[in-house]
Amino acid sequence: MALEKFYLTTPIYYVNDVPHIGHAYTTIAADVLARYKRLAGYEVFFLTGTDEHGIKIERSARERGVSPQEWTDTISEHFRHLWARLNISYDDFIRTSQPRHKAVAQAVFQKAYEKGDIYKGLYEGWYCIPDETFLLESELQGGQCPICGRPVEWITEEAYFFRLSKYQDWILDHIESHPTFIQPGSRRNEVLSFVRSGLRDLCVSRSTFSWGIPVPFDPSQVIYVWIDALTNYLTAIGYGVDAQTFDKFWPANIHLIGKEILRFHAVIWPILLRSADLLPPAQVFAHGWWTADGEKMSKSTGNVIDPGKLVEELAQRAGASLDTAVDALRYFVLREVAFGLDGDFSHTALVQRFNSDLANDLGNLLSRTLTMLQRYCQGTVPQPPEAESAANALAEAAAKLVPDLDPLLNEVAFHRALARLWEYVRLVNRYIDEQAPWALARDPAQRRQLDTVLYNQVESLRIIALLLFPFMPHTAASMWRQLGIQDEIATQHLATAMVWGGIRPGTPIQPSVQLFPRIEAGRPLPAAERTAAVAAGPTMEAASVTVSFEDFQKLDLRVGRIVTAEPVPKANKLLKLTVDVGQEQRTVVAGIAASYRPEALVGRSIILVANLAPRTLRGVESQGMVLAAESDGQIVLAGFDTPVHPGSKVK
Ligand code: MSP
């Protein structure tokens, strides 16, 4: 019987800049879904790629003195490199500058033209001549070009237009009658009201630049980048050249995208497909956006998180391999924030998840189990008594995992799926604590019970590894190997592999390798972490290193009195404080704006780390750090219960 297919895509990413955490987020999510579907027995086609045409890319290339093709070759390679680093298992990587794509974009355009859906008209708008860019009224800054600051002109030129308006009723009906077509539901409502407000015809060609695919019947124009980009989803599965593959995979099961490009995918794309006599994709899922320490990531602010660097820093901090750090990142981005909502990227939260969920819950479970097997069973999986092997709490709980996880993953609710899996991890840890195998081992009469408990532990770990594999492929494969299982984890199928009892008694386990070394508080923080100059930090759990009294004395802690407090422009977490420390006044930048209004701070005594090397944050030099605690998401300043003179030493 033919396997059921699953076709999923990420957006194709622009090559005018190197990849960042936002691109990695969508791609990791798609990878998890692709791996899960393969495990569930589907024939999966997972597509990603790069979007390479357009004026911005032409300009980026020109600025560097290279041809657009050379430039796109370089940046596109950065994306492939990063995906290899992040263990992304895509089936195809499409580039819109490839010849295979030109033919498809042109065919779709031609078809719409022949249908009468594309007509020639006049494009009018604000135009920046040096930048060769059309601008919306709303994009202008003080009436001038936001890119170069020069005056813009109102120009009129010939261009082709697509009759979106003709399809307004059809798309409305399609969205209304297919409740899961646009997800999450809140986004669906946004799109519905956008469509109801009336669709205007779309300009689908440009004549002001040449780095693009020519309009097939008018080479003086190139196809508008969005039409060029969206049709990539057809090219990769053989539209026009391989009918068998195309018919198998189209329509796509899901396009995973960021929320900012939802209208293109949920309105323009289905209309274009309809014009080409093709079915719309089954679902478009728009996830939220990551900010960095509360702020939008942008090159100009300099706060863009580079996933490659992040992984290197994390590996270094944890003393772990890059693959381990990659898995921790994959886990973190999908566990921390509901897919669909916006999230703020915090290094502190990453370290907390690393230590609590990964090192404590999961890592310890494996290492304590393997140690017990070495100690009590000469390093092999024990043989449990027949009758007791399947009738136990862990086996029963394991049987509920796929029925619970499968709908969650079909809803793309990664965070809930992981939370559900962790309930099981914690259940196994509790089971061990309750059964106390170390006590059973002291009594030879309890041998059968000991074997049963240990077998259940190992078998549970096998099940956990299997279900973890889509999320953390390296970690899961490592668990699998340590449990002594010979078959490849990547080629397993849930239907057979989830049956309790899969690990054979007598299997020799492998030496235990620590999955996630705990990150200790004393290790240096990555640069982005240090930007919030507040010592609200690690939990007691994480703060396990001891320092000598001499080391402690190196800190110059002083009482300070806040003289002025004001927001730092474009940094919604930071406040700039002037602090009286007795002999002098210091400027200190503190990440406390979410918890304190500036005016409420004036006159207040605080504790300042006065001999910390100065740091420049958002252009302001911070000459010290204010001590505070983080509690229930609030930042609370450390202080005194009676007035103290500014400058007094705190010991
Ligand atoms: N080339 C178009 C997409 C064409 S698809 C037919 C494009 N490219 S992009 O390089 O700008 O990538 C946008 C995508 O990157 C978003 O849709 C999202 O998947 C991801 N992200 C970019 N920044 C992001 C965040 N800050 N947070 C989360 N994801 C975001 O648009």
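For ligands, and for the atoms within them, numbers begin at 1 and follow the listed sequence.
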Using a 3.5 Å cut-off and no angle test, enumerate the donor-acceptor pairs between side-chain atoms of residues 337-344 and protein atoms at least two apart in sequence or in another chain.
from : atom 1 : to   : atom 2 : distance (Å)
D342 : OD1    : K259 : NZ     : 2.9
D342 : OD1    : W289 : N      : 2.7
D342 : OD2    : K259 : NZ     : 2.9
D344 : OD1    : T291 : OG1    : 2.9
D344 : OD1    : D293 : N      : 3.0
D344 : OD1    : G294 : N      : 2.6
D344 : OD2    : G294 : N      : 3.1
D344 : OD2    : K573 : NZ     : 3.3

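Checked against a 3.5 angstrom limit, the closest N/O atoms of Y25 and ligand 1 fall outside it. For a threshold of 3.5 Å applied to N or O pairs, the pair formed by P11 and ligand 1 contains no separation below that value. For Y13, no nitrogen or oxygen atom sits less than 3.5 Å from a nitrogen or oxygen atom of ligand 1, counting backbone and side chain alike.
Here is the list of ligand 1 atoms found below 4.0 Å of a heavy atom in G258: 16 (C), 17 (O), 18 (C), 19 (O). Near I261, meaning under 4.0 Å from one of its heavy atoms, ligand 1 places the atoms 3 (C), 17 (O), 31 (O). Of all the atoms in ligand 1, the ones that sit under 4.0 Å from a non-hydrogen atom of Y233 are 5 (S), 6 (C). Near G288, with a cut-off below 4.0 Å to any heavy atom, the atoms of ligand 1 are 28 (C). Near D51, meaning under 4.0 Å from any of its heavy atoms, are these atoms of ligand 1: 1 (N), 2 (C), 4 (C).
Evaluated by nearest non-hydrogen atom to atom 2 (C) of ligand 1, the leading choice among T9, V333, I12, T10 is I12.
At least one heavy atom of H287 sits less than 4.0 Å from an atom of ligand 1. The shell of residues lying under 4.0 angstrom from ligand 1, judged by heavy atoms, includes W226.
With a 4.0 Å cut-off on non-hydrogen atoms, F264 does not touch ligand 1 at all. By the criterion of a heavy-atom distance under 4.0 Å, the side chain of E260, and not its backbone, is placed next to ligand 1. Residue-level proximity to ligand 1 for H265 is carried by the side chain, the only part with a heavy atom below 4.0 angstrom.
Annotation: atom 19 (O) of ligand 1 to nearest protein heavy atom, T26 OG1, 2.6 Å. If you check which protein heavy atom lies closest to atom 15 (O) of ligand 1, you get H23 CD2, 3.3 Å. For atom 27 (N) of ligand 1, the closest non-hydrogen atom of the protein is W290 N, 2.9 Å. Looking at atom 23 (N) of ligand 1, its nearest protein heavy atom turns out to be H20 CE1, 3.1 Å. Annotation: atom 9 (S) of ligand 1 to nearest protein heavy atom, Y14 CD1, 3.7 Å. Protein heavy atom closest to atom 24 (C) of ligand 1, with residue, atom name and distance, is G22 CA, 3.5 Å.
Ring centers of Y233 and H265: under 6.0 Å apart, within the cut-off.
Using bins of under 30°, 30° to 60° and over 60° for the plane-to-plane angle, the ring pair Y160/Y113 lands in the perpendicular bin. W290 and Y25 have perpendicular rings, their planes meeting at more than 60° on a 0 to 90° scale where under 30° would count as parallel.
Checked for salt-bridge contact, K120 and D218 meet the test: a charged N lies under 4.0 Å from a carboxylate O. With salt bridges taken as basic N to acidic carboxylate O contacts below 4.0 Å, none links K248 and D242.
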Exercise for the section: Could you check F249 against F6 for ring pair (Phe, Tyr, Trp, His ring centres under 6.0 Å), going step by step and ending with a plain yes or no? Expected result: CA-CA 7 Å; F249 287 108; F6 195 83; over 10 Å; no
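Checked by atom type and distance alone, the side chain of S193 pairs as donor or acceptor with a backbone atom of E190 at under 3.5 Å.
Considering every non-hydrogen atom in both N303 and M297, the closest pair reads OD1-CA, 3.3 Å.
Not a single ring-ring contact (aromatic ring centres under 6.0 Å, His included) links Y167 to another residue, sequence neighbours left out.
Judged by the 6.0 Å and 45° rule, R353 forms no cation-pi pair with Y331.
Remark: R263 CZ is loosely packed, at most 12 non-hydrogen atoms of other residues, nucleotides or ligands lying under 6.0 Å away.
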